[in-house]
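Written below as structure tokens is the structure these notes are about.
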Amino acid sequence: METNKNPEDLKTNAEPPVRKNFIREIVDDDLKTNKFEGRVHTRFPPEPNGYLHIGHAKSICLNFGLARDYKGFCNLRFDDTNPSKEEQEYVDSIEHDVRWLGFDWENRLYYASDYFDQLHEYAVQLIKKGKAYVCDLNADQVREHRGTLTEPGKDSPYRNRSVEENLDLFERMRKGEFPDGSRTLRAKIDMASPNLNMRDSVMYRVLRSTHHRTGDTWCIYPMYDWAHGQSDSIERITHSICTLEFEDHRPLYDWFVEQLGIYHPQQIEFARLNITYTVMSKRKLLQLVEEKRVKGWDDPRMPTISGLRRRGFTPESIRLFADRIGISKSESTVDVALLEDCLRDDLNKRSRRVMAVLHPIKLVIENYPDGVVEELDAVNNPEDATMGSRKVPFSKVLYIEQDDFREDPPKKYFRLSPGVEVRLRYAYIIKCVGVVKDEKTGEIVELRCTYDAETRSGSPQSARKVKGTIHWVSASHALDAEVRLYDRLFKVENPGGDDWRDHINPSALEVLKQCKVEPSLSNTTLQDRYQFERLGYFCVDDDSSGGSLVFNRTVTLRDTWARIEKA
RNA sequence: UGGGGUGUCGCCAAGUGGUAAGGCAGCGGCCUUUGGAGCCGCCAUUCCCAGGUUCGAAUCCUGGCACCCCAGCCA
């Protein structure tokens with residue numbers, strides 16, 4: 001007897017097996033040795049000075065994914081220690097993006113600024129221990145004393161002040177008695193350390209700037225190195241995951257918690273994400289926005305979460321991508337084709353299919369009766385029968401894609417050309433019997449065809465084979481639409497260097513105003529996603545309103561013909 | 001040439017001394033009323049290089065080489 005498939009294969013929505021990586025190995029070991037009493041507690045710590053991008057998504061999926069898989073927790077913590085660059089707008093967008101990606105921090109929303117009092121208290125402790133001092137050197141002087149990569153630094157002349165003096169000075173810094181930049185509180189470590197981070201790292205600077213949460217309460221603000229580890233400790237984070245460039249900050253991270261004698265989280269570093277044909281630094285993305293090279297943080301050309309969302313990406317596709325790229329410590333640049341594959345993989349399964357003509361050309365079926373309209377059945381998604389079907393109106397005058405007709409077809413061209421038959425999807429087989437051209441320009445303005453009435457889809461004769469199938473839209477029923485075609489933001493794989501902006505792809509956005517879409521799209525809503533058959537995946541842009549429809553092309557379908565023709 | 005890292009297929013990435021997973025890309029083929037989707041097959045005798053240890057090395061040792069990060073009162 002024929003047996004059924006393994007029951008495992010019949011499971012739906014089965015989570016893909018969790019990919020192994022070096023961080024999970026560390027967590028597994030820590031669990032075995034009971035290093036953190038069997039807890040797993042991570043955090044995602046963005047600075048609210050810009051919008052999140054897909055590189056952050058990698059980190060979000062890592063941190064929240066770890067918490068999910070190990071039955072632990074992941075906090076959302078804003079690293080808001082530099083009020084001169086941070087804004088509430090960014091806080092709001094970050095929260096929105098993390099939620100949209102499908103993660104939930106529940107009641108664990110924190111800010112480094114929540115800990116300003118505690119951090120100040122810790123700093124006083126270090127001063128009392130003789131491990132921190134107030135330094136009167138200005139920024140330039142500090143730099144001069146720091147030494148270089150190959151030469152040790154020199155001690156600050158203020159390094160050996162008494163505890164009492166340091167306490168007094170630090171208190172007066174806090175009260176605002178000294179001008180911005182005039183003094184700092186520094187850790188007293190080792191000016192000769194080969195690790196520059198250990199050369200008496202600055203803990204506090206005097207900075208008069210209104211903080212988005214604490215307002216003008218403070219005029220001294222903690223530096224990243226001082227705030228981050230202590231915040232992790234306060235939240236009892238177990239694994240503090242950050243990117244590679246913080247690797248040589250780890251000794252300092254460890255030094256602070258050890259001097260304080262407080263709970264000690266473990267910092268682990270991994271390689272940040274790079275993707276071909278785009279840029280991923282907040283600085284560059286900010287420049288693109290400020291220099292108006294794109295329309296905003298959510299421009300669909302941007303690799304920001306909000307840009308990808310507006311472009312039509314699904315959170316599922318981004319999570320799938322995060323799973324597939326893996327986690328490691330080697331610097332890498334992922335081929336954007338992988339991202340696109342994850343996108344198509346998800347969109348293929350979920351998108352309703354619909355017919356739309358982007359570059360219309362009129363087609364008249366000479367032997368089809370005037371005034372007759374047939375309602376033809378069209379499947380909504382061949383991948384998912386539960387999505388049902390719809391009716392599409394068919395009549396004598398249609399629009400088809402300019403690309404789907406060639407007066408002089410090359411080899412292997414399966415579409416319409418004079419004397420050749422093609423199937424109109426869900427409708428009839430037609431043959432081209434004439435071409436009408438503009439007398440002056442010679443441009444083709446209309447195609448004359450005949451149809452074979454026996455070949456209507458679903459009828460017995462419809463089985464007749466023809467080389468190609470093309471999509472169409474009934475001229476009198478079609479809706480007008482604007483379609484925005486997006487492509488990669490840069491012309492080169494790795495837009496680096498000072499001239500990176502010179503590589504911006506001017507054709508990354510092409511706007512089509514004369515598109516025709518099937519009438520079932522009349523009651524669509526913002527963000528709805530569709531597959532325009534044979535063309536790609538599209539979503540309804542936020543600029544759509546009332547009567548006007550605007551679609552964004554999320555990604556094209558894989559196009560083997562384009563490849564053949566190119567070769 | 002101080003310190004910290006990384007080098008496994010075009011791009012990611014497993015591999016943890018027992019004889020190189022997987023995905024993407026690419027290339028063939030099947031199937032198809034989307035040139036879509038799906039399916040099948042091919043795609044690293046070799047792991048940056050050179051020595052060494054071992055019955056056996058991508059994994060251990062020694063010595064090189066290449067690339068990345070660090071001299072913000074940014075994070």
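Protein chains get the first letters and strands the later ones, always in sequence-line order, with residue 1 at the start of each. Model, not experiment: these values are computed from the prediction.
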Nucleotide of B/A75, B/G36, B/G35 approaching A/Asp559 most closely (side-chain heavy atoms): B/G35

Base of B/U33 paired with side chain of A/Arg423 (donor-acceptor, under 3.5 Å): yes

Ring centre gap for A/Phe532 and A/Tyr537 strictly below 6.0 Å: no

Nucleotide paired to B/A44 in any strand shown, Watson-Crick or G-U, under 3.5 Å: none

Among B/G35, B/A71, B/G36, the one nearest A/Pro382 by side-chain distance: B/G36

Check: A/Trp226 ring centroid to A/Phe256 ring centroid under 6.0 Å: yes

Short side-chain N/O contact to B/A75 OP1/OP2 from A/Arg77, under 4.0 Å: no

Touch class at under 4.0 angstrom, heavy-atom based, for A/Ile275 against every strand present: nothing

Might you list the N or O atoms of the protein lying below 3.5 Å from N or O atoms in nucleotides 27-31 of chain B, with each pair's distance?
none

Sidechain N-carboxylate O distance under 4.0 Å for A/Lys391, A/Glu375: no

C1' atoms of B/G4 and B/C42, separation to the nearest Å: 43 Å

Who pairs with B/G38 - Watson-Crick or G-U, where each distance is under 3.5 Å: B/C30

Distance test, side-chain N/O of A/Arg205 to OP1/OP2 of B/C74, below 4.0 Å: yes

Nucleotide nearest A/Arg143 when distance is taken to its side chain, options B/G5, B/A71, B/U34: B/A71

A/Arg146 side chain near B/C73 phosphate (N/O to OP1/OP2, under 4.0 Å): yes

5′-ward residue of the pair A/Asn195/A/Thr455 relative to RNA chain B: A/Asn195

Step-by-step side-chain contact (heavy atoms from CB on, under 4.5 Å) determination, A/Leu52 to A/Val98: CA-CA 9 Å; A/Leu52 258 26; A/Val98 175; 3.9 Å; yes

Distance test, side-chain N/O of A/Thr81 to OP1/OP2 of B/A75, below 4.0 Å: yes

Parallel, tilted or perpendicular, as decided by the 30° and 60° cut-offs, for the rings of A/Phe246 and A/His249: perpendicular

Ring centres under 6.0 angstrom apart (A/Phe116, A/His211): yes

Assigned partner base of B/G10, Watson-Crick or wobble definition, under 3.5 Å: B/C24

Span that lies between the P atom of B/A20 and that of B/A57, in whole angstrom: 12 Å

Other residues, nucleotides, ligands: >12 heavy atoms within 6.0 Å of A/Arg390 CZ: yes

Rounded C1' spacing from B/U59 to B/G7 in Å: 14 Å

Spacing of the P atoms in B/C31 and B/G36 (rounded, Å): 14 Å

Same-atom distance (P) from B/C65 to B/A50, integer angstrom: 15 Å

Candidate nucleotides B/A25, B/C70, B/A75, ranked by approach to the side chain of A/Ala337 - the nearest: B/A25

Nearest to side-chain heavy atoms of A/Thr560, which nucleotide of B/U34, B/G23, B/G36: B/G36

Rounded P spacing from B/G18 to B/A58 in Å: 11 Å

Separation of the P atoms in B/G15 and B/C60, to the nearest angstrom: 14 Å

Short side-chain N/O contact from A/Ser457 to OP1 or OP2 of B/U33, under 4.0 Å: no

Listed nucleotide nearest any side-chain atom of A/Glu331, set B/G10, B/G5, B/C68: B/C68

Short side-chain N/O contact to B/U33 OP1/OP2 from A/Lys465, under 4.0 Å: yes

Nucleotide of B/A75, B/G35, B/U34 approaching A/Asp79 most closely (side-chain heavy atoms): B/A75

Aromatic plane relationship, A/Phe394 with A/Tyr428 - under 30° parallel, 30 to 60° tilted, over 60° perpendicular: tilted

Parallel, tilted or perpendicular, as decided by the 30° and 60° cut-offs, for the rings of A/Phe490 and A/Trp500: tilted

NZ (A/Lys329) with more than 12 external heavy atoms under 6.0 Å: yes

Residue whose nearest RNA chain B nucleotide is more 5′ - A/Lys20 or A/Leu339: A/Lys20

Residue A/Asn82, side-chain heavy atoms: nucleotide from B/C74, B/C24, B/G35 that is nearest: B/C74

Verdict with reasoning, A/Asn82 to A/Ser84, per side chain to side chain donor-acceptor pair (under 3.5 Å): CA-CA 6 Å; A/Asn82 184 4; A/Ser84 61; 2.6 Å; yes

Per A/Arg324 side chain, nearest of listed nucleotides B/U33, B/A13, B/G23: B/G23

Torsion-based syn/anti label for B/G72, 90° from 0 as limit: syn

Counterpart base for B/G2, defined by Watson-Crick or G-U wobble contacts under 3.5 Å: B/C70

Salt bridge A/Arg324-A/Asp341, side-chain N to carboxylate O under 4.0 Å: yes

Side-chain donor/acceptor contact of A/Glu383 with base of B/G36 under 3.5 Å: yes

B/G35 and B/C68, which share atom name P, separated by this distance in whole Å: 46 Å

Given B/G35, B/C12, B/C24, the nucleotide with the shortest approach to the side chain of A/Asp341: B/C24

Proximity to RNA chain B (any heavy atom under 4.0 Å), residues of residues 221-235 of chain A only: A/Pro222, A/Met223, A/Tyr224

